[in-house]
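This report concerns only the one structure given below.
Remember, it's 1-based here, ligands and their atoms both numbered in the order they're listed. We use all heavy atoms of the structure for the numbers below, so side chains are in, but hydrogens, waters and symmetry mates are not. Please read these numbers as outputs of a predicted model, since none were measured by experiment.
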Amino acid sequence: MTDLAWRIATEDDIPVLHALMDAAISGPLAAFLTPEQVQASRLIMGVDSQLIADRTYFLIEIDDQAAGCGGWSYRITSYGGDHTPGREPAPLNPGVDAARVRAMYTHPDFVRRGVGKLVLSLCEAAAREAGFDRVELVATLGGEPLYRACGYDDIERIVDARGGAPVPLIRMGKTIRPASA
Ligand SMILES: CC(C)(COP(=O)(O)OP(=O)(O)OC[C@H]1O[C@@H](n2cnc3c(N)ncnc32)[C@H](O)[C@@H]1OP(=O)(O)O)[C@@H](O)C(=O)NCCC(=O)NCCS
């Protein structure tokens with residue numbers, strides 16, 4: 001059984017996060033896309049330093065190595081990195097809007113060991129704690145099996161062509177507190 005440790009990421013982790021995301025895009029994500037779509041994905045994915053500043057971003061470690069990362073947000077932006085156009089930092093309204101799950105990546109050396117599942121449970125618990133009763137995310141084709149396994153349903157299929165090649169994405173969501181609670 002793998003020991004997964006987690007902590008809130010800080011600005012000091014940013015170089016490690018860049019390397020982790022780069023490895024995840026070249027590794028597990030590349031299995032689902034053409035090389036052109038992988039290149040295009042780099043423009044619409046990556047480190048969002050707002051999540052780190054907000055202290056809503058988690059780093060997962062296995063044997064003191066960076067194994068994965070991901071976070072949640074109370075801001076409108078639904079996906080993308082610092083370099084992606086269309087940031088919308090205005091806050092969402094808990095109980096009305098869905099919180100976002102953002103920027104999930106597992107290093108290729110640590111896939112299928114429960115890292116992604118742990119990040120999702122941390123995000124859902126934190127969003128619930130902040131008063132949200134629903135979470136939504138924009139999934140890559142590489143992320144879809146994880147989210148489906150964790151109870152997320154499709155909202156809509158979209159295509160983002162801002163990086164050059166058209167990259168298929170799926171908006172997905174999950175209720176995290178029964179309406180009657
Ligand atoms: C998506 C990603 C974060 C999943 O991370 P992970 O740590 O391997 O996920 P987990 O080990 O927690 O998987 C939990 C369950 O999800 C499902 N799952 C995850 N990845 C899967 C895959 N590639 N194929 C089929 N099912 C998968 C399985 O049911 C798995 O349970 P199991 O291993 O016991 O069968 C990782 O593949 C990744 O970094 N991909 C590239 C970056 C990316 O596209 N991120 C998503 C952005 S929206």
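Using a 4.0 Å cut-off between charged side-chain N and carboxylate O, Arg102 and Asp48 make a salt bridge. The existence of a salt bridge linking Arg7 and Asp13 is confirmed by a sub-4.0 Å separation between a basic side-chain nitrogen and an acidic carboxylate oxygen.
Minimum interatomic distance between Gln50 and Pro89 (heavy atoms only, all atoms of both residues): OE1-CB, 4.2 Å. A pairwise comparison of heavy atoms in Leu51 and Ser73 identifies CD2-CB, 3.5 Å as the closest pair.
Atom NZ of Lys174 has more than 12 heavy atoms from other residues, nucleotides or ligands within 6.0 Å.
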Output block, N or O contacts of ligand 1, threshold 3.5 Å exclusive:
from, atom 1, to, atom 2, distance (Å)
ligand 1, 5 (O), Thr106, OG1, 3.1
ligand 1, 7 (O), Thr106, OG1, 2.8
ligand 1, 7 (O), Gly116, N, 2.9
ligand 1, 8 (O), Arg112, N, 2.8
ligand 1, 11 (O), Arg112, N, 3.4
ligand 1, 11 (O), Arg113, N, 3.2
ligand 1, 11 (O), Gly114, N, 2.9
ligand 1, 12 (O), Gly116, N, 3.2
ligand 1, 12 (O), Lys117, N, 2.8
ligand 1, 24 (N), Arg112, NH1, 3.4
ligand 1, 33 (O), Arg112, NE, 2.8
ligand 1, 33 (O), Arg112, NH2, 3.4
ligand 1, 35 (O), Arg112, NH2, 2.8
ligand 1, 39 (O), Thr106, N, 2.8
ligand 1, 39 (O), Thr106, O, 3.4
ligand 1, 44 (O), Thr140, OG1, 2.7
ligand 1, 45 (N), Met104, O, 2.7

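Under the salt bridge (charged side-chain N to carboxylate O under 4.0 Å, His left out) criterion, Asp54 pairs with Arg75, not counting sequence neighbours.
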